[in-house]
Amino acid sequence: MLELKAQPLTAEAFAPYGDVIDSRNADSFSINGGKAQRYHDLVQVETLGEEARPLVSIFISEPVELPLELTYLERHPLGSQAFIPMHEERFVIVVAPKGETIDPKDVRAFITDGRQGVNYRAGLWHGVQSVIERKGEFVVVDRGGKGKNCDEYPMDIRVHVEDVVVGEEALATA
Ligand SMILES: NC(=O)N[C@@H](O)C(=O)O
Ligand code: NI
């Protein structure tokens, strides 16, 4: 069993794996007569292969038990995958570099702060969407089209997360 402690997510630490989606550290410009700011073009959406096209979906996810136990990591070789919380939900991220095998010492775990989304690059190994504290609703942007776009890599991983707020209390802090 690979034991990991989730680190706070930052754009710098996550740069080798993808993008952090966060208006607090992104450029913007004024639109709509000054009534709105556009945080523009935040991630590279990758859609590869036959009949590839971008998909916009919504996941409603039950919260995971902690510590988080995973039995595999997955990858999407034909496209990126982005998760954007709709109600400041926090989630656990587990990633490992692209490649045909995964070295356990290269696996990393992060925890978001509620204001952050992420975009996984095509081919990045990752754990499935893992919201904590309360049911979560996420906008998901990924790839549709022909071809197999989900590979699994068996691996037993346990992720520990500190300062978790559960249930109703989590709503109050959102
Ligand atoms: N299966 C699915 O659409 N979601 C996974 O790829 C995931 O990363 O949660
Ligand atoms: Ni995925």
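Whatever order the structure lists them in is the order used to number ligands and atoms, beginning at 1.
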Worked check of side-chain hydrogen bond (donor to acceptor under 3.5 Å, both in side chains) between E46 and S80
CA-CA 5 Å; E46 298 168 274; S80 55; 4.6 Å; no
**Message:** So, 2.8 Å as the limit: is an N/O/S atom of C150 located closer than that to the Ni ion (ligand 2)?
**Reply:** no
ask   = When you check the gap from the basic side-chain N to the acidic O, do E88 and R134 get nearer than 4.0 Å?
value = no
Within the heavy-atom cut-off of under 4.0 Å, ligand 1 is lined by F59, E74, H76, Q81, F83, H126, V128, Q129
**Request:** Let me see the working for E162 and H160 under side-chain hydrogen bond (donor to acceptor under 3.5 Å, both in side chains), right down to the final yes or no.
**Result:** CA-CA 7 Å; E162 291 177 350; H160 301 269; over 6 Å; no
Original post:
What class does the angle between the rings of F83 and F59 fall in, given that below 30° is parallel, 30 to 60° is tilted and above 60° is perpendicular?
Top reply: perpendicular
Among N, O or S atoms, E74 approaches the Ni ion (ligand 2) most closely through OE2
Taking only Lys NZ, Arg NE, NH1 and NH2, and the carboxylate oxygens of Asp or Glu, determine whether R24 and D113 approach each other closer than 4.0 Å. yes
Whether H126 and H76 hold their rings parallel, tilted or perpendicular, with breakpoints at 30° and 60°: tilted
Before giving the answer on salt bridge (charged side-chain N to carboxylate O under 4.0 Å, His left out), spell out for K135 and E89 the whole-Å C-alpha distance, their side-chain angles and the decisive distance to 0.1 Å. CA-CA 8 Å; K135 181 181 281 195; E89 300 91 338; over 6 Å; no
The NE2(H76)-the Ni ion (ligand 2)-OE1(Q81) angle, to 10°, is 90°
